[in-house]
Amino acid sequence: MGTLLKCYRPLFSIRFSSFPNSLHSPQLSSHSFKFNHPRRRILIRRCFASLSPSSHPLINGKTSDGNLQPEIPSSDLWLHNTMSKKKELFKPKVEGRVGMYVCGVTAYDLSHIGHARVYVTFDVLYRYLKHLDYEVCYVRNFTDVDDKIIARANELGEDPINLSRRYCDEFNQDMVHLQCLPPSAEPRVSDHMPQIIDMIKQIVDNGYAYRVEGDVFFAVEKFPEYGQLSGRKLEDNRAGERVAVDSRKRNPADFALWKSAKEGEPFWESPWGPGRPGWHIECSAMSAAYLGHTFDIHGGGMDLVFPHHENEIAQSCAACKQSNVSYWIHNGFVTIDSEKMSKSLGNFFTIRQVIDLYHPLALRLFLMGTHYRSPINYSDVLLESASERLFYIYQTLHDCEDVLRQHDKGLQESIPPETSDIINKFHNDFLASMSDDLHTPVVLAALSDPLKTINDLLHTRKGKKQALRIESVSALERIIRNILNVLGLMPTSYCEALQQLRDMALKRAKLTEGEILRKIEERNEARKNKEYEKSDAIRKDLAVLGIALMDTPTGTSWRPAIPLALQEQQVAAT
């Protein structure tokens, strides 16, 4: 075997960008530390950011405003490792620091909500690791050199790299809408040809690959551990998506590390002639370039377990025998009628299509409403339900803001024991659920009690008589706000988000607000004239369209709701 000269050579140091709506505010810095190399000690520049404490941290003792915070249960993080097929206690290789690589999109079209689920999942993990005070280097790549990109570019008569760059920008815009924090680095294949070629050289020199007419193939039979992630045996392998049938291979499961140039395709010079990399090698090369050959977390959708991640493990270990990823984490599919959503099947909704009708954070809430490893079936009723729930959360917190604005001075430092108990339970449920393999559905369900308590304190006769009522409202609003930040569900403005939710409900109902107000006037007139059947009919007609009328002592208002037919469908399903 050849020598392993470049096992631990990260590409360069990375600076963090500022992250909006994060519980912590990372500083723009990078840290250096020594790493032992088999042949020499070298200085590695890592991309970890320093974390500063939040103004109201969720820790024992008091916050800056003097309120007691709950006792924290164990925050040991357990994550399901695809390699071991079980939950494991998370222990990073370097104490307090986490390196995480997540496979990004192949940028040739707009991203669908299956992609949204991947990146919302790992954004939640990223945010929670930061909440636990880890310094996280999060690397997410773009595939911008690929057969699908070339085919699409040829259809459109466009340069493949330019087409891919355009869709990379579109993807980043989708991530902004979904409030996914930007990664520490977003490497692209086209910018990392030297690192990719260098890794292929190592694999060839170490005897794990062979050359055929300008192509280079990985020889899977040379790697006895092949199949350790997926549990597949070599005889089970078959040609599939992105796996070409090629009689020149020694074994049908062998996969391309380098593809010789074909007419009309982009190419780069290499020791094996002009060509471009295979799909799998890019992630091995770029993860090693930014995180080294040993790091903590490698993630992606469940469809990447085989062949992509299986092949990554094989080629990374072939290039550097010390290569190791501690935790392989994969999220479940988004399905349509119990079938995986994918572009190749043509049964997908793009993120843009969904957020044209629903608030982006309603889509995020919908995706977080099912545990990340379970399949989630896309449906209008679940999106409507998420949208209605989001409106309720933001309306409650907006009401808090209005009241607290009137009592910004003179608040006492203490809160009643019953309020403290609610906060303690909510906080403990949050930590316990998130530390149990990111169980976000339980956290979202746990929001109910503090939200109900706020509404009781603000709107019921009994609640308004409670001692230290405003102090309780303030403490409850703060704990909810902090946890929404960790979940990535905190809007820039409650008022703005509520208006956006109303506007989208009107769009789905194909109504204007003026038309609803006229219906309310018509209903008020009917009620005045004791025409109750007509009044009920107007209410029901609007309910069918997803518009709920709310009668209060000060008049009638409206809010978005699940359309009546979908409500009935939901009841029937449960």
Side-chain angles (χ1 to χ4, degrees), residues 1-11 33-42 44-48 77-103 122 125 129 134-141 184-185 187 195-196 198-200 202-203 205-208 218 220 222-232 257 280-300 304-330:
M1 292 181 84
T3 56
L4 307 176
L5 296 178
K6 298 171 183 174
C7 284
Y8 302 107
R9 191 191 66 179
L11 187 61
F33 55 93
K34 301 279 188 177
F35 201 92
N36 284 322
H37 186 278
R39 294 172 60 97
R40 64 190 185 278
R41 288 178 67 84
I42 58 175
I44 300 179
R45 301 288 295 177
R46 298 289 190 180
C47 58
F48 297 113
L77 176 59
W78 291 77
L79 295 172
H80 185 273
N81 191 343
T82 306
M83 183 65 79
S84 66
K85 313 296 187 290
K86 64 182 181 182
K87 279 191 284 190
E88 297 178 2
L89 179 63
F90 179 69
K91 291 184 178 179
K93 294 182 182 294
V94 178
E95 187 176 353
R97 295 171 174 171
V98 178
M100 179 168 74
Y101 186 93
V102 175
C103 291
F122 288 98
L125 176 56
L129 287 168
Y134 286 107
E135 299 175 7
V136 187
C137 180
Y138 173 19
V139 181
R140 185 182 70 207
N141 75 297
S184 314
Q195 292 76 30
I196 292 170
D198 188 57
M199 180 170 274
I200 296 173
Q202 290 282 78
I203 295 170
D205 290 347
N206 292 341
Y208 287 91
F218 187 92
V220 294
K222 296 280 187 178
F223 189 70
E225 296 83 6
Y226 192 79
Q228 60 186 310
L229 182 69
S230 63
R232 296 170 65 101
L257 299 174
H280 312 294
I281 190 65
E282 63 185 58
C283 287
S284 287
M286 289 189 288
S287 63
Y290 287 83
L291 298 171
H293 274 268
T294 66
F295 57 94
D296 301 296
I297 296 170
H298 196 316
L304 298 184
V305 173
F306 185 88
H308 186 52
H309 287 165
E310 195 74 75
N311 291 353
E312 272 195 67
I313 292 169
Q315 62 202 9
S316 293
C317 291
C320 177
K321 64 182 179 182
Q322 288 86 1
S323 178
N324 176 261
V325 174
S326 299
Y327 304 87
W328 289 87
I329 299 176
H330 296 90

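- For the pair Pro187 and Gln195, the minimum side-chain heavy-atom distance is 4.5 Å or more.
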Apply side chain to side chain contact (heavy atoms under 4.5 Å, CB included) to the pair Met286 and Val139, showing each step before the final yes or no.
-> CA-CA 9 Å; Met286 289 189 288; Val139 181; 6.0 Å; no
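- Ring pair Tyr134/Phe90 is perpendicular by interplanar angle, where above 60° counts as perpendicular and below 30° as parallel.
- By the side chain to side chain contact (heavy atoms under 4.5 Å, CB included) test, Lys93 pairs with Thr294, Asp296, Asn324, Ser326, sequence neighbours left out.
- Every residue meeting the side chain to side chain contact (heavy atoms under 4.5 Å, CB included) condition with Lys86, not counting sequence neighbours, appears here in chain and number order: Ser84, Glu88.
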Does the side chain to side chain contact (heavy atoms under 4.5 Å, CB included) test come out yes or no for Val305 and Trp328, once each step is laid out?
-> CA-CA 9 Å; Val305 173; Trp328 289 87; over 6 Å; no
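- Annotation: side chain to side chain contact (heavy atoms under 4.5 Å, CB included) contacts of Glu225 (sequence neighbours excluded): Phe223, Gln228.
- Between Leu125 and Ile297 there is a side-chain heavy-atom pair separated by less than 4.5 Å.
- Note on ring orientation: taking the six-membered ring where Trp is involved, the planes of His330 and His309 are tilted (angle from 30° to 60°).
- Pro307 and His280 get closest at one heavy-atom pair: CG-CE1, 4.0 Å.
- For the atom pair CZ of Arg140 and OG of Ser287, the computed distance is 15.5 Å after rounding to the nearest 0.5 Å.
- Between the NE2 atom in His293 and the OG atom in Ser284 there is a gap of 8.0 Å [rounded to 0.5 Å].
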